Amino acid sequence: MRDVSRYQPQSIEITWQQAWQNAGLHETPELSGGEKGFYALSMFPYPSGNLHMGHVRNYVITDVVARVQRMRGMRVLHPMGWDAFGLPAENAAIERGVDPAQWTDRNIAAMRDQLKRLGLSIDWDREVTTCHSDYYHWTQWLFLQFLDAGLAYQKEASVNWDPVDQTVLANEQVDADGRSWRSGALVEKRKLRQWFLRITDYADRLLDDLADLKGWPERVRTMQANWIGRSRGAELHFQVVDAQGAPTGDQITVFTTRPDTVFGVSYLVLAPEHPLVTRLTSDEQRQVVEAFRHLVGLQSDQERTAEGKPKRGHSLGAWVRNPANGERIPVWIADYVLADYGTGAVMGVPAHDQRDFLFSRQYELPIRRVIVPSGSDDHAYEGGAWTGSGVLINSGRFDGLDCVEARTAITAAAEADGWGRERLQYRLRDWLISRQRYWGCPIPVVHCKSCGVVPVPADQLPVTLPEHPDLSGKGVSPLAQIRGWVEVDCPRCGGSAQRETDTMDTFICSSWYFLRYSDPTNKTLPFTRESADSWLPVDQYVGGIEHAILHLLYARFFTKVMLDRGLVGFSEPFARLLTQGMVQGLTYRNSSSGRYIAPSDVSDPSDPRDPVTGESLETFFEKMSKSKYNGVDPASVIDRYGADTARMFILFKAPPEKDLEWDDADVEGQFRFLQRIWRMVHAAVDRGLRLHAAQDAGDPSTWTAAERELRRAVHTAIGSISEDLEGDYQFNTAISELMILSHAMAQHLECSRPALACEALRTLLVLLAPFAPHLAEELWLSLEARTEADDLRASSVHRQAWPVVDPSALIRDTVSVVIQVRGKVRGSLEVPADADSATIEKLALASTIAEKWLEGQPPRRVIVVPGKLVNLVP
RNA sequence: GGGGGCAUGGCGGAAUCGGUAGACGCAGCGGACUUAAAAUCCGCAGGCCGCAAGGCUGUGGGGGUUCAAGUCCCCCUGCCCCCACCA
């Protein structure tokens, strides 16, 4: 026998979770041919071993979306998996000697258990784990597709090098000071031959298709557009000349967005890595230039690009001719010019670029203005570059042109005369996917002395990771040290060859996992085109804003490549995206020492003080993190209040895309609300109400005012909650509507006839079900909407259809109309609901409010908004 | 420096197309129940003036459009996020 005297979520929740699992309630339904299912997806987690509140928020949001869609009759795919390769497992191996595979699997098991306590309607039969060979088999297969398409290639690139441990470091293993996490050595740059994916080939499509992603937040689209960074400009060729002005045959090409300033160029600057530097440097300058290049080469990226860092450069002792005006100008190198953007060379226009201005000041290079602000004849300089618009001067036949027109005109002239052309330039670089790490997906190629790079044939996939590695954290690459794994016969010629020892960036694994869920056990393909096209694009994707750029861009890139390879029939993977805000915890900090204080060490929260020094603490909300002692463990909340309360709180406290401040008092409030519902339903049960019995509500004209009020509340709630769950998801207002409904029921339920009371109870539970699934199911059973023997798959509250509004329930006899005088509210008036404008106007003018405020004068004007207000303008 | 966003009571947040600002909740206050407390239930509550009726005022600041502005337009201030020696 159940104890029904008190709401005890702990026992209810585990019971129902098991019952649902036994009944297979969350299995993904089959789709009939050509049908598109609804795909609700959360960004899958890295299995750190600990579920945190950010996860809870993410998965609860997606779960409500999935549940509502099911109740609306959609066939829903709602899966979960693990982004399981990555550095923490490898670090654990290096530091504590544990096996990365075991460490990861243990964490997954622990997190899966924690997740299941939330009562999510996930189909666990479709779970994917990126570090298992039945998954990364297909990551490798897809890599070979990229290779085959010419979209994967190798080139030299610099890596973070730890000179003590003699190992490559990931960016995360380099601290803010540029030191190694383990050895503490200053990290250097070192060139290695590495794999890249040619994402820049897709830059235009990735940018242009953003316009179609109407279901994405504007700011994510903007961030992606900025990241791709398409800029329109020109490349201009400058002929290298000798001291006498005669061409040497070399030329330097620069990229500029301001071809209109070409007459103002007073020097050119090359990146230190530019291939022409050595050849152009004069003998007198050689020593100092080489020293400078060496110095720059030692600097880390952080050092080189630090803000406010003075620009350093050197003259090469070489000249070029400005093709626009024939002037001879010097060539420099400088650390601020990047080798891998544009052409690795820029033209210096000090008068119209602030950076060039500072550089020219520092090295006493000439400044010539070629643009004056429109309508100004002030030709003087005020210590900075003029980067705004204006009219050209000192520019030969282009004088007097507006600078925007001049961009086109000068580019056209350059093209006609052979010294330049229009060009689009992207900030986006090709994607470096090589990682010199063990715990990642092996790149499935073999290096053969006679055949070169040979892809591992598809029938020999997967290339599995060697088990139980002995990871020291030293050496170029962990896999390279495992001889027996590296040495292999060439698949093409049979000669001796070596496996590629780099593994892939984990972002590769997460760039296609959403496709694998559609066909998770396929043994011959990553997925079939049919399964992919029937579930994707993902109808609602939910995850953190921190993935706004990289993950989402890479997943879009993969999808477009797969479209081009005929693997899928759509060009965008995620139709709608919700970026949930972060969960913040109450944080105490001693502002003088900067130390964070755990809440358990604060004795009086109303006057928080440092337990050691007694100083007053500052308090604020900040993203939960271990080091700030402001985290709240989901397990402890579930232990205390149950998953339903945690779900309700997290959805109610803030709109999903905003940050959420964790507040124990508000959690209590949600628990109280669920308790109220529990008590109200059980009071109804005690009065003998049962949902299964057929009941007749009788003739509506015989209903009492309370009964009509109850029915109106029920259907108002259906309408507003349905609306809140369409378009933008407004779970917070949906829950507040549930509260309003429960208040109305508390008032009217008892004095209403059973048929109407039952309709209200039934509706309340069905509307509550997506938010608090366990409580709704439990009360559904208590009201005998189903019997314990019924098949849950048909009779569960979660299998009920979403209710529909009966418009007749919303009709009122009279409505309250506001009376305004000159736009200010002065009172209100009950009028018949069907009164027309003329009637309302008449009633308003006859009211005491009009009498008081119009002082006998007839109004000049009367505006009537039927059913809403009357505005009298005297 | 470039781009994007936000600003509403003590707090989190509501407010569709411009139409009663502050729904719902937290904290607070008052009442009922209780020997008492907790729990529960009912009620009050933007600010100022007023015994009250009521009035004035109010959505970061300033201006504008309108019968009517939290909402639309212009200017300013503050905060948050992303990118950033990107030519």
Side-chain angles (χ1 to χ4, degrees), chain A residues 217-227 229 231 233 235 254-258 261 268-269 271 304-311 334-338 340-349 352-356 358-359 387 425-429 545-546 548-549 579 581 621 648-649 652-655 657-670 672-673 675-676 679 720 723-724 727 730 732-740 742-743 746-747 816-828 852 859-874:
Chain A
E218 183 63 39
R219 72 169 173 145
V220 175
R221 291 195 282 169
T222 311
M223 280 162 68
Q224 291 219 349
N226 290 343
W227 184 263
S231 58
E235 59 179 29
V254 303
F255 172 75
T256 178
T257 54
R258 296 293 305 274
T261 64
L268 248 49
V269 195
R304 197 169 155 182
T305 62
E307 191 182 0
K309 182 180 163 295
K311 297 158 193 13
D335 54 1
Y336 74 86
V337 179
L338 307 175
D340 58 353
Y341 182 76
T343 60
V346 301
M347 58 187 212
V349 187
H352 304 292
D353 181 283
Q354 187 60 23
R355 196 184 36 197
D356 294 347
L358 293 174
F359 191 76
T387 55
Q425 179 62 43
Y426 302 86
R427 211 194 67 98
L428 183 69
R429 313 293 157 88
I545 187 72
E546 66 272 20
I549 298 176
T579 50
F621 281 92
M648 293 286 286
F649 163 77
F652 177 71
K653 176 76 181 176
E657 65 283 352
K658 286 193 71 166
D659 289 346
L660 179 154
E661 296 174 355
W662 190 273
D663 181 342
D664 291 335
D666 283 322
V667 179
E668 282 279 350
Q670 282 307 316
R672 283 202 291 266
F673 173 58
Q675 274 182 309
R676 268 200 296 277
R679 279 194 299 267
S720 358
E723 200 176 306
D724 286 343
Q730 299 181 48
N732 54 335
T733 51
I735 290 173
S736 74
E737 295 293 340
L738 281 173
M739 292 170 170
I740 293 169
S742 82
H743 285 146
Q747 238 183 314
S816 170
V817 163
V818 166
I819 299 182
Q820 295 182 335
V821 178
R822 207 186 280 106
K824 284 193 189 295
V825 177
R826 296 301 178 190
S828 64
K852 174 174 177 192
R860 271 193 303 125
R861 209 176 148 187
V862 179
I863 291 112
V864 180
V865 182
K868 279 248 163 88
L869 61 78
V870 185
N871 191 2
L872 309 174
V873 187

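Proteins get letters first, then strands, A, B, ... in listed order; numbering begins at 1 in each. Heavy-atom basis, side chains included; hydrogens, waters and symmetry copies ignored. No experiment lies behind these values; they were computed from the predicted model shown.
With rounding to whole Å, A/Met223 atom CE is found 13 Å from B/C80 atom C1'. Here the P atom of nucleotide B/G1 and the CG atom of A/Leu358 are 13 Å apart, to the nearest Å. Note: CD1 (A/Ile819) to C1' (B/G19) measures 14 Å, nearest angstrom. What separates CG of A/Asp340 from P of B/C86 is a distance of 13 Å, to the nearest Å. Look at CZ on A/Phe673: it is 16 Å from C1' on B/C41, rounded to the nearest Å. Atom CG of A/Asn871 and atom P of B/G19 are 13 Å apart (whole Å). Remark: P of B/C83 and CG of A/Leu428 are 14 Å apart, rounded to the nearest angstrom. Spacing between atom CG of A/Asn226 and atom P of B/G5 amounts to 11 Å, rounded to whole angstrom units.
Within the 4.5 Å cutoff, side-chain heavy atoms of A/Ile545 are placed close to those of A/Arg219. Contact of the A/Asp664 side chain with the A/Phe649 side chain is not registered, since no non-hydrogen atoms from C-beta on lie closer than 4.5 Å. Between A/Arg258 and A/Asp353, the closest side-chain pair of non-hydrogen atoms is not below 4.5 Å.
Of the C1' atoms belonging to B/G30 and B/G18, the separation is 39 Å, rounded to the nearest Å. On the P atoms, B/C51 is 34 Å away from B/G12, given to the nearest whole Å. Across the P atoms, B/C11 and B/C17 are found 28 Å apart, a figure rounded to whole Å. Comparing the C1' positions of B/G61 and B/C82 gives a spacing of 27 Å, expressed to the nearest Å. When the P atom is compared between B/A27 and B/C74, the two are found 43 Å apart, to the nearest whole Å. On the C1' atoms, B/G47 is 14 Å away from B/A21, given to the nearest whole Å. To the nearest whole angstrom, the two P atoms, one in B/C72 and one in B/U16, are 11 Å apart. Distance noted for atom C1' between B/G70 and B/A15: 9 Å (whole Å).
By the rule that a glycosidic angle within 90° of 0 means syn, B/G60 does not qualify and counts as anti. A glycosidic torsion no more than 90° from 0 defines the syn conformation, and B/C17 adopts it.
Residues A/Phe652 and A/Phe673 place their aromatic rings such that the two centres sit no closer than 6.0 Å. Aromatic pair A/Trp662/A/Phe621: centroids not less than 6.0 angstrom apart.
Proximity of A/Arg861 to the phosphate of B/U66: no side-chain N or O atom is located under 4.0 Å from OP1 or OP2. For B/A15, the OP1/OP2 oxygens have a side-chain nitrogen or oxygen of A/Gln730 closer than 4.0 Å. For the OP1/OP2 pair of B/G5 and a distance below 4.0 Å, the side-chain nitrogens and oxygens of A/Arg219 include no atom meeting the criterion.
When both pairing distances are held under 3.5 Å, B/U40 makes a Watson-Crick or G-U pair with B/A32. Nucleotide B/G1 is matched to B/C83 when pairs are restricted to Watson-Crick or G-U wobble geometry with both distances under 3.5 angstrom. Shown here, B/A7 forms a base pair with B/U77; the pair counts as Watson-Crick or G-U wobble because both key distances fall under 3.5 Å.
Residue A/Thr343 is out of contact with every strand shown, counting any heavy-atom pair closer than 4.0 Å. Using a 4.0 Å heavy-atom distance criterion, A/Arg427 is classed as a base contact. Using a 4.0 Å heavy-atom criterion, one finds that A/Val873 contacts the sugar-phosphate atoms exclusively. Counting any heavy atom pair closer than 4.0 Å across all strands shown, A/Arg679 reaches sugar-phosphate atoms only and no base atom.
Residue side chain A/Arg429 reaches the base of B/C86 through a donor-acceptor N/O pair under 3.5 Å, judged by distance alone.
Side-chain atoms of A/Gln224 come within 3.5 Å of backbone N or O of A/Ala548 as a donor-acceptor pair.
Here the closest non-hydrogen pair linking A/Met347 and A/Thr256 is CE-OG1, 3.6 Å. Taking both residues in full, the closest heavy atoms of A/Asp659 and A/Ala654 are given as O-CB, 3.7 Å, listed atom of the first, atom of the second, then distance. Scanning all heavy atoms of the two residues, the minimum distance from A/Lys653 to A/Glu661 falls at CE-O, 3.1 Å.
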Take A/Arg429 and A/Asp340 through the salt bridge (Lys or Arg N to Asp or Glu O under 4.0 Å) test and state the conclusion after the steps.
-> CA-CA 8 Å; A/Arg429 313 293 157 88; A/Asp340 58 353; 2.9 Å; yes
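Looking at which nucleotide of RNA chain B each of A/Ile863 and A/Gln425 is closest to, the 5′-most match is held by A/Ile863. Residue order along RNA chain B, read from the 5' end via each residue's closest nucleotide, puts A/Glu723 first among A/Glu723 and A/Arg258.
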Once each nucleotide of nucleotides 20-33 of chain B is scored for protein heavy atoms under 4.0 Å, what B/S/- sequence comes out, 5' to 3'?
-> BS-BBSSS------
